[in-house]
Amino acid sequence: MRNTFKKLALLALSFSFTTVFAQETPKEEDFFKINKVRVPEGPILEVGGLVTLPNGDLGISTRRGEVYIVENPTSAKPYWRRFAYGLHEILGIAYKNGAIYVAQRGELTKLVDKDQDGKADVYETVYAWPLSGHYHEYSFGPKIMPDGSFMVTANVAFGDEEWWRAESRVPMRGWAMNITEDGKMMPYAAGFRSPAGIGSIDGQFYYTENQGDWVGSGGLWKVNKGDFMGHPASLRWTNLPNSPVKLQSDFFYSQIDERRIKMNREGTLNRKTG
């Protein structure tokens with residue numbers, strides 16, 4: 001009888017702990033609300049960017065180079081309107097002062113609907129960066145910073161020597177760029193491989209990296225101006241006059257070579273002593 005009472009007491013206690021834990025454990029819906037948007041038949045979207053407009057409409061950019069505005073996006077029958085087209089691999093979208101900004105493969109573009117007919121009639125190049133024509137030279141952004149400027153990141157290309165070796169064939173590949181509304185660009189940081197997601201928290205710039213050569217796995221990284229994030233391809237451009245990154249390619253590789261020699265020597269000594 002005594003043992004039975006102890007078992008019942010422990011069981012009741014475990015239930016109480018489970019109930020308290022279940023009540024205190026936060027759920028996904030406490031932080032994020034997921035709303036589904038009905039997609040029209042016909043267009044192949046391949047969405048690359050989303051932005052909520054001041055009136056509640058949803059702005060959508062696509063890899064295929066189009067921008068859509070969705071009115072009443074979470075209603076049973078949202079209205080889709082094509083706002084812009086003919087662009088190149090838009091992998092990001094932002095809204096500022098009545099205009100939509102997108103990062104194409106080779107430029108930051110401002111889209112304006114001047115005559116208020118629901119379609120962009122001004123496609124303005126804010127700033128353009130070089131391209132080598134390689135398929136992997138994607139560009140991501142823009143993200144609006146607290147001072148009103150834009151952050152854009154640029155992918156590296158791949159490889160004449162080995163298929164997996166990333167290359168920065170033209171300036172700003174493997175870099176983050178800070179671009180003002182009037183088209184002035186300042187290199188911000190280097191050492192990126194495939195900086196596929198960028199954001200700002202409390203004014204601090206962050207990005208997510210796609211795993212690959214020199215990058216063991218994906219991650220979320222904090223970036224300050226002048227930082228080198230670890231991938232060496234972009235270092236070939238740190239000698240440009242406006243570069244905030246001072247690390248040079250030769251010094252980087254010499255440090256790696258010295259480390260390898262040291263590791264080899266230590267390995268030889270360990271084998272001898274073992």
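These numbers were taken from a predicted model, which means no experiment stands behind them.
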### Query
How about M186 and N242: do any of their side-chain heavy atoms sit closer than 4.5 Å?
yes
### Query
How far does OG of S194 sit from CZ of F158, to the nearest 0.5 angstrom?
7.0 Å
### Query
When you measure from the side chain of D113 to the backbone N and O of G118, does any donor-acceptor pair fall under 3.5 Å?
yes
### Message
According to side chain to side chain donor-acceptor pair (under 3.5 Å), who are the partners of S132, at least two apart in sequence or on a separate chain?
### Response
E137
### Query
What heavy-atom pair brings L50 and I93 nearest, and what distance separates the two atoms?
N-CG2, 3.4 Å
### Query
Are the side chain of T208 and the backbone of G219 linked by a donor-acceptor contact shorter than 3.5 Å?
no
### Message
Is the shortest side-chain heavy-atom distance between Y127 and E107 below 4.5 Å?
### Response
no
### Message
Would you say that K27 contacts T25 through its side chain, given a criterion of any heavy-atom pair below 4.5 Å between the two side chains?
### Response
no
#### Entry: Qualifying residues under side-chain contact (heavy atoms from CB on, under 4.5 Å), relative to P73, sequence neighbours excluded
V37, L58, V70
### Query
Is a donor on one side and an acceptor on the other found under 3.5 Å between the side chain of T62 and the backbone of R64?
yes
### Query
Short question: side chain of E167, backbone of V156 - any donor-acceptor pair under 3.5 Å?
no
#### Entry: Donor-acceptor contact present, side-chain T52 to main-chain G56, <3.5 Å
no
#### Entry: Note, V126 side chain near T109 side chain (heavy atom, < 4.5 Å)
no
### Query
What are the two closest heavy atoms between N210 and R193, and how far apart are they?
O-NH1, 3.3 Å
### Single-linkage hydrophobic cluster L87~V122, side-chain heavy atoms < 4.5 angstrom
no
### Query
Hey, is CG on L220 packed in by over 12 heavy atoms from elsewhere, all under 6.0 Å?
yes
### Interatomic distance, I100 atom CD1 to K110 atom NZ [nearest 0.5 angstrom]
12.0 Å
### Message
Do V245 and I179 land in one hydrophobic cluster if side-chain heavy atoms of ILVMFWY residues count as linked below 4.5 Å?
### Response
yes
### Query
Atom OG1 of T238 and atom NZ of K246: how far apart are they, to the nearest 0.5 Å?
8.5 Å
#### Entry: 4.5 Å side-chain heavy-atom contact, I60 and V67
no
#### Entry: Partner residues of N72 under the side-chain contact (heavy atoms from CB on, under 4.5 Å) criterion, sequence neighbours left out
S75
### Message
To check you understand the geometry: which heavy-atom pair defines the closest contact between L235 and L247, and what is its length?
### Response
CD2-O, 3.7 Å
### Message
Once side chain to side chain donor-acceptor pair (under 3.5 Å) is applied, do any residues pair with D227, and if so which ones, sequence neighbours excluded?
### Response
none
### Task
Using the test salt bridge (Lys or Arg N to Asp or Glu O under 4.0 Å), find all partners of K225 that sit at least two apart in sequence or belong to another chain.
none
### Query
Is any side-chain heavy atom of P187 closer than 4.5 Å to a side-chain heavy atom of M172?
yes
### Query
Does any pair with a residue in residues 79-113 pass ring pair (Phe, Tyr, Trp, His ring centres under 6.0 Å), and if so which ones, sequence neighbours excluded?
Y68-W80, Y101-F150
### Task
Name all residues meeting the salt bridge (Lys or Arg N to Asp or Glu O under 4.0 Å) criterion together with E181; count only those two or more places apart in sequence or in a different chain, and write none if there are none.
K96
### Task
Work out which heavy atom in A84 is nearest to a heavy atom in L111; give both atom names and the distance.
CB-CD1, 3.8 Å
### Query
Are any of the side-chain heavy atoms of I34 and E28 separated by less than 4.5 Å?
yes
#### Entry: All side chain to side chain donor-acceptor pair (under 3.5 Å) counterparts of S168, not counting sequence neighbours
W237
### Message
Testing the basics here: between N155 and P195, what is the closest heavy-atom pair and its distance to 0.1 Å?
### Response
OD1-CD, 3.3 Å
#### Entry: Sequence-distant partners of R63, salt bridge (Lys or Arg N to Asp or Glu O under 4.0 Å), two or more places apart
E46, E89
### Message
Could you work out, with side chain to side chain donor-acceptor pair (under 3.5 Å) as the rule, every residue matching D202, not counting sequence neighbours?
### Response
none
### Query
Can you get from L91 to Y135 by hopping between Ile, Leu, Val, Met, Phe, Trp and Tyr side chains that sit under 4.5 Å apart?
yes
### Task
Determine, using the 4.5 Å side-chain heavy-atom cutoff (strictly less than), whether Y123 and I69 are members of one ILVMFWY cluster.
yes
### Query
Among pairs that include at least one residue of residues 29-43, which meet side-chain hydrogen bond (donor to acceptor under 3.5 Å, both in side chains), considering only residues two or more places apart or in two chains?
none
### Steps toward side chain to side chain contact (heavy atoms under 4.5 Å, CB included) verdict (R169, L131)
CA-CA 8 Å; R169 298 182 179 182; L131 293 169; over 6 Å; no
### Query
Just wondering, do M229 and E209 contact through their side chains at under 4.5 Å, heavy atoms?
no
### Query
Can E71 and N55 be counted as having a side-chain donor-acceptor contact under 3.5 angstrom?
no
### Task
Please say which of F205, Y207, W175, F228 ends up in a ring pair (Phe, Tyr, Trp, His ring centres under 6.0 Å) with F192.
Y207
### Query
Do any N or O atoms from the side chain of S234 and from the backbone of G191 form a donor-acceptor pair under 3.5 angstrom?
yes
Less than 3.5 Å apart, which donor and acceptor atoms pair up between the side chains of residues 138-147 and the rest of the protein, not counting sequence neighbours?
{"residue": "S139", "atom": "OG", "partner": "R105", "partner atom": "O", "Å": "2.8"}
{"residue": "S139", "atom": "OG", "partner": "W129", "partner atom": "NE1", "Å": "3.2"}
{"residue": "S139", "atom": "OG", "partner": "R173", "partner atom": "NH2", "Å": "3.3"}
{"residue": "D147", "atom": "OD1", "partner": "S149", "partner atom": "N", "Å": "3.0"}
{"residue": "D147", "atom": "OD1", "partner": "S149", "partner atom": "OG", "Å": "2.6"}
{"residue": "D147", "atom": "OD2", "partner": "S149", "partner atom": "OG", "Å": "3.4"}

### Query
Between P171 and L240, which heavy-atom pair has the shortest distance, and what is it?
CB-CD1, 4.4 Å
